[in-house]
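Below: one structure, written as structure tokens.
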Amino acid sequence: MSQDKLFVIGIGGTGMRCLEAFTHLCAIGMFDNQEIELLTLDTDQLNGNKTKTENLIERYNRIKTSDSGPKGGTPNANTFFSAKLNLHRFWTEYSGSARANYRSLSKLAEGTPEKQEANKLISNLFLDQNSVQEFNLAHGYRAQTHLGSHLMYHALIESARNLASGKSVQKQDQELEIFMNKLNDAGKLGARVFVFGSIFGGTGASSIPVIPKAFQDFIRIRSGGKSTLDFSKTKFGSTLLTEYFTFKKPDAKQMSTKDDSVVADSSFFPLNSQAALQFYQNDLTVQRTYKTMYHIGWPIESKKMGDETETNTITGGEKQKNPCHITEMLCACAAYDFLTKSTGFDVEKAEYLYKAIEFKDNSFNLSFNDFVGSENKAGEVFANRLGAFFSLAHIVLSINGAAFNTDPKSGMRAFITRLEKQKIPQYNSIPDADCEEINEYLRQFAYTTDGGQQFFPGWLYQVRSTVAPGSFMFDSNAFTTNIKELQKIDVGELFLDKKNHWPGGGLMSDRFSKFVETLIDVKHEDSQKVNTTKEQFMAHIYNAITKSQNFIN
Amino acid sequence: MTSTFPVYIIAVVAALLFILIAALISNAIKFEGGANPKDPAKRKMWFWVLGILAPIANLLFGLFIYYFPEGNSYAKSKLITSIGIGSAITFVVYILVGFILSKMFKNGKLGNWF
């Protein structure tokens, strides 16, 4: 694992969903011994994807927090929730009539008549006068990246100036400053920054090219010229995520208002992607400021998002809550590669990486190695940890019933009850509320139901559905959505490879009973660096599942 | 006249035999998942059911093997006392050995007995 301090940034709706996938990678335990600084960056403070991801990270932190330890816990190793995550949020302020669109934000109607005329001419040269300069910015840059890059850079510089002068400092400026201070400090020794965002949409596509330079200028302004970012020590990486979804085309009625004079049209996403790729291939700033760019795309027909019954195209806001997609998980795995690799940083210009996966009989077939490679047994580690977390989810949600009821004794609490009945009482002090936090995380990770009636897929199920019926690492029975089948699921048979099936236990036992015997036998270990009762509890369960899966820890 | 010594030996053997049966049954009961697993209660129930059956079995064994075939009334009266004491020994030994085993394997299935 890298000695550099790690930073991850999610920008825009797609960036947030990639950050959600990244958080799940942290939850399964892919970032041992790391304290990672996360930044959510958006123009749309109410965006549903942003809220969902931030809530997930906050829940992750509550799971790691104990009364006796620091907020957000401490970094651990070889266990679930091993990385410590620190969430920072920055959003651009486009509320109020003075900042609602480009025209008012740029104060085109202020100053001397000559200045106004000059500003108007230069604005009209780059930005369409009646649409791009007029639409409401509160829902992002709506695929207008020429405007977006300019405004995102402006927002970050404005924040630095406000902080330097102490005037008009907003909460989001303060949060950004904490993040930037950590980046500045870490950058002197070594830091890695990975940026999530699409290149075909609005906010992410606008921001990725300017982020390193904007951060460098932010630090320079904020420090009064005494400090700056050295791109040889602060290494930037990002995804070049091309289009993978479409949504309802906006109609003329929706676009008739000034606020919605520009609405992103997903039919242009392939064109946007093509243009963006040409830009990233040739732009000198991008080439010099980024070390690695991971090209991730969706080679078949894009999936339709959103509700067909919606009258208008959803431009943003709390309604924008798209289901998760495998490309986002691949972006999170690209971040894993960038943040853990030991070579590839001694380059003059950005390296563009891509890989291919098998597409056969009209479906994708994905193994663990397809996500994280096989170097340093990364695929095996990934299989162990994702498999363990998925097994835990099935035990908690189906066997222990947390997906079917809200009984405080169900889910994670049932593990404690079981251990207590076997005279292992050291976890009794963990409150029910803490167990419920883990239950809820697992519901978001895997699935839930409304009282055992209707099935609702969580993150992993949604991701898998984008490649179904192709193979997706685990046995297809592991992804059943039938509630009766879930209640009887054999969690010891999730893997395709039989060597990772849990031991059977003979005629008078079964896999789950044998697993409980293992749970009773194992303990947490010093090497896992778990201090609080809750961390020890999670490590204990992790060890039992890992041993049952026949992975050598 | 029949010696009462074997009656006490049989009482101890019966206790150990029933402990063995209780242990086998307890191990055959699978660990269950869920918020309210019933398996610990089942093991405890079987332990106490066999704890009651053990002295009864010892009593019946003593009666049919030693008491009824005995012709001497003095010996009969001595035997019935011994068989009664033997049954009590069976119960006490069963509980005592059960308690020791339960504490020895307190984290396992036998730990559910106490």
Side-chain angles (χ1 to χ4, degrees), chain A residues 391-392 394-426 432 435-436 439 486-492 502 504-523 540 544 548, chain B residues 13-54 56-58 90-114:
Chain A
S391 301
L392 176 69
H394 272 313
I395 296 172
V396 167
L397 300 173
S398 285
I399 295 175
N400 292 348
F404 311 124
N405 62 61
T406 52
D407 178 358
K409 289 193 179 303
S410 65
M412 286 303 284
R413 188 82 226 171
F415 274 110
I416 298 174
T417 305
R418 163 52 66 195
L419 291 170
E420 187 187 3
K421 284 185 188 294
Q422 301 315 128
K423 315 283 191 302
I424 302 171
Q426 67 253 41
D432 285 354
C435 292
E436 180 52 26
N439 293 347
L486 278 172
Q487 284 166 332
K488 288 187 285 184
I489 195 161
D490 184 347
V491 282
W502 296 6
L507 275 178
M508 294 200 291
S509 189
D510 61 17
R511 285 198 169 95
F512 185 76
S513 186
K514 190 76 184 162
F515 163 72
V516 175
E517 286 175 32
T518 309
L519 184 72
I520 292 163
D521 285 344
V522 300
K523 292 183 176 71
H540 186 141
S548 299
Chain B
V13 169
L16 296 178
L17 182 70
F18 273 78
I19 275 288
L20 182 67
I21 295 168
L24 288 173
I25 291 174
S26 289
N27 275 305
I29 296 169
K30 294 170 193 169
F31 284 119
E32 295 172 13
N36 298 299
K38 303 283 190 295
D39 57 287
K42 283 182 195 166
R43 286 186 204 103
K44 186 175 267 190
M45 183 198 75
W46 274 106
F47 175 78
W48 287 105
V49 165
L50 289 165
I52 292 162
L53 287 178
I56 293 170
N58 182 69
T90 300
F91 185 71
V92 170
V93 169
Y94 179 90
I95 299 297
L96 197 67
V97 174
F99 183 78
I100 292 166
L101 285 175
S102 182
K103 294 301 164 193
M104 277 173 69
F105 303 102
K106 66 174 185 174
N107 301 136
K109 289 176 173 176
L110 305 193
N112 294 141
W113 287 349
F114 286 93

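A note on names: the letters A, B, ... follow the listed sequences, proteins ahead of strands, and every chain is numbered from 1.
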Given a strict heavy-atom distance threshold of 4.5 Å, which part of [X] is in contact with chain B: side chain, backbone, both, or neither?
X	result
A/D510	both
A/I520	side chain
A/S410	both
A/R413	neither

Original post:
How about B/F99 and B/F114: are their ring centres within less than 6.0 Å of each other?
Top reply: yes
**OP:** Give, as side chain, backbone, both or neither, the part of B/P40 having an atom under 4.5 angstrom from any heavy atom of chain A.
**Re:** side chain
Original post:
Between B/F105 and chain A, which part of the residue has a heavy atom less than 4.5 Å away: side chain, backbone, both or neither?
Top reply: neither
Original post:
Between B/W48 and B/F91, what is the ring plane arrangement, given parallel below 30°, perpendicular above 60°, and tilted in between?
Top reply: tilted
Subject >> Pi-cation contact, B/F31 with B/R43 (under 6.0 Å, within 45°) >> reply: yes
Subject >> Cationic N near anionic O, under 4.0 Å, B/E32 to B/K42 >> reply: yes
Original post:
Is any side-chain N of the basic residue among A/R418 and B/D39 closer than 4.0 Å to the acidic one's carboxylate O?
Top reply: yes
**OP:** Tell me, out of A/S513, A/S398, A/G411, A/A414, who's got the most heavy-atom pairs with chain B below 4.5 Å.
**Re:** A/S513
Original post:
In terms of side-chain heavy atoms, does B/S26 have a donor or acceptor partner in B/W46 at a distance below 3.5 Å?
Top reply: no
